[in-house]
Protein chains: 2
Amino acid sequence: MTGQVRTVDGRVAGRRGQATRQKLLDCLSEMLSSSPYRDVKVIDVARKAGTSPATFYQYFPDVEGAVLEIAEQMATEGAALTELLEGRSWAGKAGWQTAQELVDGFLEFWRKNDAILRVVDLGAAEGDKRFYKLRMKILNSVNNSLADAVAELQAKGRVDKDVNPAAVAGSLVAMLAAVASHQKGFTSWGVKQAELKPNLALLVHLGVTGRKPTR
Amino acid sequence: MTGQVRTVDGRVAGRRGQATRQKLLDCLSEMLSSSPYRDVKVIDVARKAGTSPATFYQYFPDVEGAVLEIAEQMATEGAALTELLEGRSWAGKAGWQTAQELVDGFLEFWRKNDAILRVVDLGAAEGDKRFYKLRMKILNSVNNSLADAVAELQAKGRVDKDVNPAAVAGSLVAMLAAVASHQKGFTSWGVKQAELKPNLALLVHLGVTGRKPTR
DNA sequence: ACTTGTCCTGTCATGACGTCAGCTTACCGA
DNA sequence: TCGGTAAGCTGACGTCATGACAGGACAAGT
């Protein structure tokens with residue numbers, strides 16, 4: 001699928017090369033977690049990886065390019081998010097369960113990858129198509145499943161016809177992502193982590209089904 | 001309130017100085033709209049303003065500092081968002097109207113200031129307290145109003161008791177902000193601008209009142 | 001004209017960026 | 001075993017941004 005890993009100047013990377021490359025990616029990941037995106041320098045990443053800046057430029061055109069690589073890896077892992085909604089029901093108690101587990105899984109995924117997701121979000125907001133496609137790739141699984149669920153309920157007449165499933169699903173996913181990014185902001189608003197989740201689940205359930213959940 | 005405008009080395013700025021300072025801020029604002037945050041350099045801002053980097057550093061410690069200044073100005077303008085909810089009703093047709101106007105006003109505000117808000121969002125997500133307080137300041141007016149509305153309905157028994165008004169309000173506001181930031185993303189998901197707004201309004205109404213709006 | 005305080009810039013040391021040639025290492029076929 | 005070849009890494013270099021300073025330009029009051 002991914003063909004061969006290549007250096008910037010076209011050589012194919014061997015075992016050793018791939019290891020260095022990966023080490024650089026790992027170090028970059030760490031740096032992104034510990035310092036502002038704007039302050040992450042190639043030289044620091046290289047130093048941390050025990051190599052030189054020139055080596056970095058062998059494998060990546062720039063910091064952005066390396067970030068895209070990390071995000072790509074994460075995006076494939078993110079496909080697992082689909083399972084949170086695969087074959088779930090939105091009716092009755094099961095629906096409440098579905099909403100809760102979606103929120104749980106989503107927040108957990110975001111928490112794990114928050115540093116890189118921040119950067120992806122920024123790139124996407126800035127209009128960079130590469131980041132923006134990546135963001136879609138990550139959110140698509142959840143988004144499509146949600147849209148399908150809404151469309152299905154709509155077909156049964158349980159949701160108004162003038163609702164746009166894609167718009168509602170997209171908005172809910174955006175909400176989950178945003179809340180996950182700013183979780184800490186809530187605590188200083190007097191909302192605790194534990195309280196946040198059920199309320200989010202409630203909103204998701206309301207959005208999808210148009211009704212309060214039966215617990 | 002803001003006392004006197006001062007340079008980094010403590011002198012008070014006169015008429016001319018304030019003009020240059022403001023010009024630098026304006027140019028920075030423009031640069032943020034046209035190029036990625038990471039690539040905005042002091043030297044470019046200074047050139048655009050027809051001055052030198054040294055002058056920039058007279059008024060701001062660094063790019064981040066200047067951004068904070070711009071954001072601060074925007075935050076005071078953002079207080080106008082309160083009017084979107086001041087004394088509005090969430091009952092019946094009026095409720096639907098309220099939700100629609102909130103969405104409209106919010107998206108408009110975000111669209112106008114998207115470049116700077118992107119940076120504030122990033123800073124807040126990265127855990128920088130200054131950005132993070134600023135973000136609260138901007139969103140507080142809307143958030144508090146929404147929370148009050150929910151709490152009021154809750155007191156009347158029209159919203160479940162185990163709902164946390166602050167959590168719901170915060171989540172809804174986060175949703176609005178996120179959707180506004182990624183408006184373009186929706187179009188490529190096959191959702192048009194015009195369709196987005198009513199669906200957002202629907203979600204807001206559902207979240208606040210727990211019920212579908214009567215149109 | 002002269003002083004005073006504000007305002008701007010030339011200049012400099014420092015350090016990051018990004019490129020290149022060239023050295024070292026590993027692999028492989030004869 | 002021994003080159004040959006390609007992979008892998010780095011020192012060194014020109015370029016550019018950063019951030020600090022001292023001193024020149026300018027406006028205002030005396």
Side-chain angles (χ1 to χ4, degrees), chain A residues 2-28 30-32 34-69 119 123 128, chain B residues 2-32 34-70 119 123 128:
Chain A
T2 47
Q4 273 170 317
V5 180
R6 285 185 174 276
T7 59
V8 168
D9 55 337
R11 285 203 305 274
V12 296
R15 238 196 351 270
R16 190 153 71 110
Q18 293 202 23
T20 329
R21 205 181 112 102
Q22 191 57 49
K23 185 158 198 177
L24 283 167
L25 287 179
D26 292 344
C27 290
L28 173 55
E30 250 182 88
M31 304 256 359
L32 284 175
S34 60
S35 49
Y37 180 45
R38 202 168 192 283
D39 298 343
V40 171
K41 308 289 180 195
V42 169
I43 196 171
D44 296 323
V45 177
R47 247 200 294 267
K48 202 181 198 21
T51 178
S52 76
T55 302
F56 182 95
Y57 287 108
Q58 279 235 320
Y59 295 106
F60 312 103
D62 49 25
V63 173
E64 219 187 30
V67 167
L68 276 167
E69 203 70 26
V119 180
D128 186 312
Chain B
T2 47
Q4 272 170 320
V5 179
R6 285 185 175 276
T7 58
V8 167
D9 55 334
R11 283 203 310 276
V12 296
R15 237 198 349 272
R16 192 154 65 110
Q18 294 204 22
T20 336
R21 203 182 114 104
Q22 190 57 48
K23 184 159 198 176
L24 283 168
L25 287 179
D26 292 343
C27 289
L28 172 55
S29 235
E30 251 182 86
M31 303 254 7
L32 284 175
S34 60
S35 47
Y37 180 46
R38 201 167 195 284
D39 298 343
V40 171
K41 307 289 179 195
V42 169
I43 196 170
D44 297 323
V45 177
R47 248 201 292 268
K48 202 181 199 18
T51 179
S52 75
T55 302
F56 182 95
Y57 286 108
Q58 278 235 320
Y59 296 107
F60 312 102
D62 48 26
V63 173
E64 218 186 32
V67 167
L68 276 167
E69 202 69 26
I70 300 177
V119 181
D128 186 312

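Just so it is clear: chains get the letters A, B, ... in the order the sequence lines come, proteins before strands, and each one is counted from 1. As a basis for the values below, the full set of heavy atoms in this structure was taken, side chains included, without hydrogen atoms, waters or symmetry mates. None of these values were measured; they are calculated from a predicted model.
- Looking at the side chain of A:V42, the nearest of the listed nucleotides C:dT25, C:dC17, C:dC7 is C:dC17.
- In this structure, CG of A:D39 is placed 12 Å from P of C:dA16, rounded to the nearest angstrom.
- Here B:T55 does not reach the OP1 or OP2 of C:dC8: none of its side-chain N or O atoms lies under 4.0 Å away.
- Mapping A:A54 and A:R38 onto DNA chain D via the closest heavy atom, the residue that lands nearer the 5' end is A:A54.
- Nearest-nucleotide positions on DNA chain C place B:P53 closer to the 5' end than the other of B:P53 and A:V63.
- B:F60 places a side-chain heavy atom less than 4.5 Å from the side chain of B:L25.
- For the pair A:Q18 CD and C:dA26 P, the interatomic distance rounds to 17 Å; values are reported in whole Å.
- One finds a side-chain N or O of B:Y59 lying less than 4.0 angstrom from the OP1 or OP2 phosphate oxygen of C:dC8.
- Shown here for A:V8 and A:Y57, the closest heavy-atom pair between the two residues is CG2-O, 3.4 Å.
- Close to C:dC27, at under 4.0 Å from its OP1 or OP2, lies a side-chain N or O of A:R15.
- Within the structure, a side-chain polar atom (N or O) of A:R11 is placed less than 4.0 Å from OP1 or OP2 of D:dA7.
- Computed from coordinates, the A:F56 CZ to D:dG8 C1' distance equals 17 Å when rounded to whole Å.
- Proximity of A:S52 to the phosphate of D:dG11: no side-chain N or O atom is located under 4.0 Å from OP1 or OP2.
- Within the structure, a side-chain polar atom (N or O) of B:T51 is placed less than 4.0 Å from OP1 or OP2 of C:dT9.
- Residues A:G65 and A:P61 approach most closely at CA-CG, 4.3 Å, considering heavy atoms.
- Side-chain proximity of A:R47 to C:dT25, D:dT18, C:dA16: nearest is C:dA16.
- Following rounding to the nearest Å, A:I43 (CD1) and D:dC9 (P) show an atom-to-atom distance of 17 Å.
- Between B:E64 and B:Y37, the closest heavy-atom pair is CG-OH, 3.9 Å.
- Rounded to whole angstrom, the span from the CG atom of A:D9 across to the P atom of C:dG18 amounts to 16 Å.
- Side-chain atoms of A:V12 lie closest to D:dA7 of the nucleotides D:dG8, D:dT18, D:dA7.
- In this entry the distance linking CD of B:Q58 with C1' of D:dA25 reads 13 Å, nearest Å.
- One atom, CZ of B:R21, and another, P of C:dT6, lie 16 Å apart when rounded to the nearest Å.
- Rounded to an integer number of Å, the gap from CG of B:D62 to P of D:dT18 is 10 Å.
- For A:A46 against A:L24, the heavy-atom pair with the smallest separation is CA-CD2, 4.2 Å.
- Put simply, A:Y57 has a side-chain N or O that comes within less than 4.0 Å of OP1 or OP2 on C:dG18.
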